[in-house]
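Reviewing the structure listed below.
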Amino acid sequence: ILFSFLVDYERIKSIGPDRAAAEWLLRCGAKVRFQGFERWHQDYNGLPTGPLGRYKIQAIDATESCIMYRGFDHLDGLEHVEEIKLIKCVYIEDACLERLSAIQNLQDSLNTMEVVSCGNVTDKGVIALHRLRNLESLFLSDLPGISDRQTTLDRLQTALPRLDITLDLD
């Protein structure tokens, strides 16, 4: 299964960033929703085909998937992602949230995010989300690695005054 974590830059070039990212995400057990479509895609073989660039990822649901830092280069070329759910992702850690927050395109497009039951995420990773300047809604739940809740929230809220943070950390 190791192949699914490696980034094939040639493939990204030949089939486009959205298709390559969708393939990686689905191989890791995540789901994607494309712009203009209601349906979530989970089946790798059921990914829609069409002209290069026809399908743009709008939402990523990585619930219980095995996405990890090494594959995050797949997200660099995505320009239309508005929502990301990281729920029960055992390999998601602070470095992943820092990497995600550093992606220019996601800083522009991402407005909704959930980080739930990711045991390796600490205050440091959550604070890194302040770089996602268009984030409007953030749901945080069951994150035992968060130790200084108030300071973390204050820092996020100061950096992103429009951000609506919902917490369920007890």
Side-chain angles (χ1 to χ4, degrees), residues 1-12 15-49 55-107 109-129 131-132 135-146 165-169:
I1 218 167
L2 186 64
F3 76 91
S4 53
F5 305 120
L6 302 174
V7 180
D8 183 344
Y9 299 98
E10 285 307 310
R11 183 139 181 86
I12 292 173
I15 63 172
D18 290 88
R19 174 71 193 205
E23 290 180 357
W24 169 66
L25 287 160
L26 267 56
R27 279 200 309 259
C28 291
K31 296 185 280 203
V32 298
R33 198 179 69 233
F34 293 105
Q35 209 176 28
F37 296 88
E38 301 274 306
R39 203 178 129 231
W40 286 90
H41 288 273
Q42 200 169 5
D43 174 17
Y44 182 88
N45 297 314
L47 274 175
T49 53
Y55 294 95
K56 302 290 187 191
I57 297 176
Q58 185 169 28
I60 296 168
D61 181 350
T63 300
E64 295 182 337
S65 72
C66 61
I67 65 169
M68 61 172 63
Y69 185 84
R70 268 182 292 182
F72 272 54
D73 284 5
H74 284 104
L75 305 178
D76 285 334
L78 306 182
E79 297 178 359
H80 305 277
V81 179
E82 295 174 5
E83 178 186 353
I84 294 180
K85 292 181 187 181
L86 301 173
I87 302 172
K88 296 182 183 169
C89 299
V90 289
Y91 300 112
I92 291 295
E93 57 203 351
D94 291 343
C96 299
L97 297 184
E98 290 165 356
R99 173 76 176 87
L100 190 86
S101 304
I103 298 173
Q104 194 73 49
N105 290 333
L106 293 181
Q107 290 175 3
S109 67
L110 197 63
N111 59 44
T112 304
M113 190 159 178
E114 292 181 31
V115 185
V116 177
S117 304
C118 296
N120 296 318
V121 169
T122 72
D123 306 75
K124 186 180 174 206
V126 172
I127 288 169
L129 300 177
R131 298 173 74 181
L132 299 169
L135 206 56
E136 293 167 14
S137 170
L138 177 63
F139 179 65
L140 302 172
S141 176
D142 185 26
L143 298 171
I146 302 277
I165 304 174
T166 307
L167 273 188
D168 179 12
L169 293 177

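Predicted, not measured: the structure shown is a model, and the values here were computed from it.
- In this structure, Cys28 and Ile67 approach most closely via the heavy-atom pair CB-CG2, 3.7 Å.
- Atom CG of Asp168 and atom CG of Asp142 lie 8.0 Å apart (nearest 0.5 Å).
- A 4.5 Å side-chain heavy-atom check between Leu25 and His74 finds every atom pair outside the cut-off.
- Among all heavy-atom pairs drawn from His41 and Gly46, the shortest one is ND1-O, 3.7 Å.
- Taking the six-membered ring where tryptophan is involved, the planes of Phe34 and Phe37 are perpendicular, since the angle between them exceeds 60° and thus also 30°.
- The local environment of NZ in Lys124 is sparse, with at most 12 non-hydrogen atoms from other residues, nucleotides or ligands closer than 6.0 Å.
- In this structure the side chain of Met113 reaches within 4.5 angstrom of the side chain of Leu86, judged on heavy atoms.
- Of the possible donor and acceptor atoms, none in the side chain of Asp18 sits under 3.5 Å from a partner among the backbone N and O of Leu78.
- Between the side chain of Ser109 and the backbone N or O of Val81 there is at least one donor-acceptor pair closer than 3.5 Å.
- Closest approach of Ser65 to Gly29, counting heavy atoms only: CB-C, 3.7 Å.
- Separation of atoms CD1 (Ile103) and CG (Leu110) is listed at 9.5 Å; rounding is to 0.5 Å.
- Residues Gln58 and Gln35 share a closest heavy-atom pair of OE1-CA, 3.4 Å.
- Counting heavy atoms from C-beta on, the side chains of Ser137 and Asn111 never come closer than 4.5 Å.
- Between Trp24 and Leu75 the shortest side-chain heavy-atom distance falls below 4.5 Å.
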Check your understanding: Can you list the steps and then say if Glu114 with Asp61 is a side chain to side chain contact (heavy atoms under 4.5 Å, CB included)?
Key -> CA-CA 9 Å; Glu114 292 181 31; Asp61 181 350; over 6 Å; no

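- What you find for Ala62 and Cys89 is that their closest heavy atoms are O-SG, 3.0 Å.
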Check your understanding: Given the rule in the side chain to side chain contact (heavy atoms under 4.5 Å, CB included) test, do Leu143 and Cys118 qualify, once you have shown the distances and angles that lead to the verdict?
Key -> CA-CA 6 Å; Leu143 298 171; Cys118 296; 4.2 Å; yes

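- For the atom pair CD1 (Ile60) and CZ (Arg33), the distance works out to 11.0 Å, reported to the nearest 0.5 Å.
- Nearest approach of Cys96 to Met68, heavy atoms of both residues: SG-C, 4.5 Å.
- A side-chain contact (heavy atoms from CB on, under 4.5 Å) with Ile146 is found for exactly one of Val126, Thr122, Leu167, namely Val126.
- Note: Leu138 CG to Leu132 CG = 9.0 Å, rounded to the nearest 0.5 Å.
- Residue His80 holds its NE2 atom at 10.5 Å from CD1 of Ile57, rounded to the nearest 0.5 Å.
- Between Arg27 and Tyr44, the closest side-chain pair of non-hydrogen atoms falls below 4.5 Å.
- The backbone N or O of Arg131 lies less than 3.5 Å from no partner atom in the side chain of Ser101, so there is not a single donor-acceptor pair.
- Salt-bridge check for Arg99 with Asp73: passed, with a basic side-chain N closer than 4.0 Å to an acidic carboxylate O.
- For the atom pair CD (Glu23) and CG (Leu47), the distance works out to 6.5 Å, reported to the nearest 0.5 Å.
- Side-chain atoms of Asn105 come within 3.5 Å of backbone atoms of Asp76 as a donor-acceptor pair (strictly under, hydrogens ignored).
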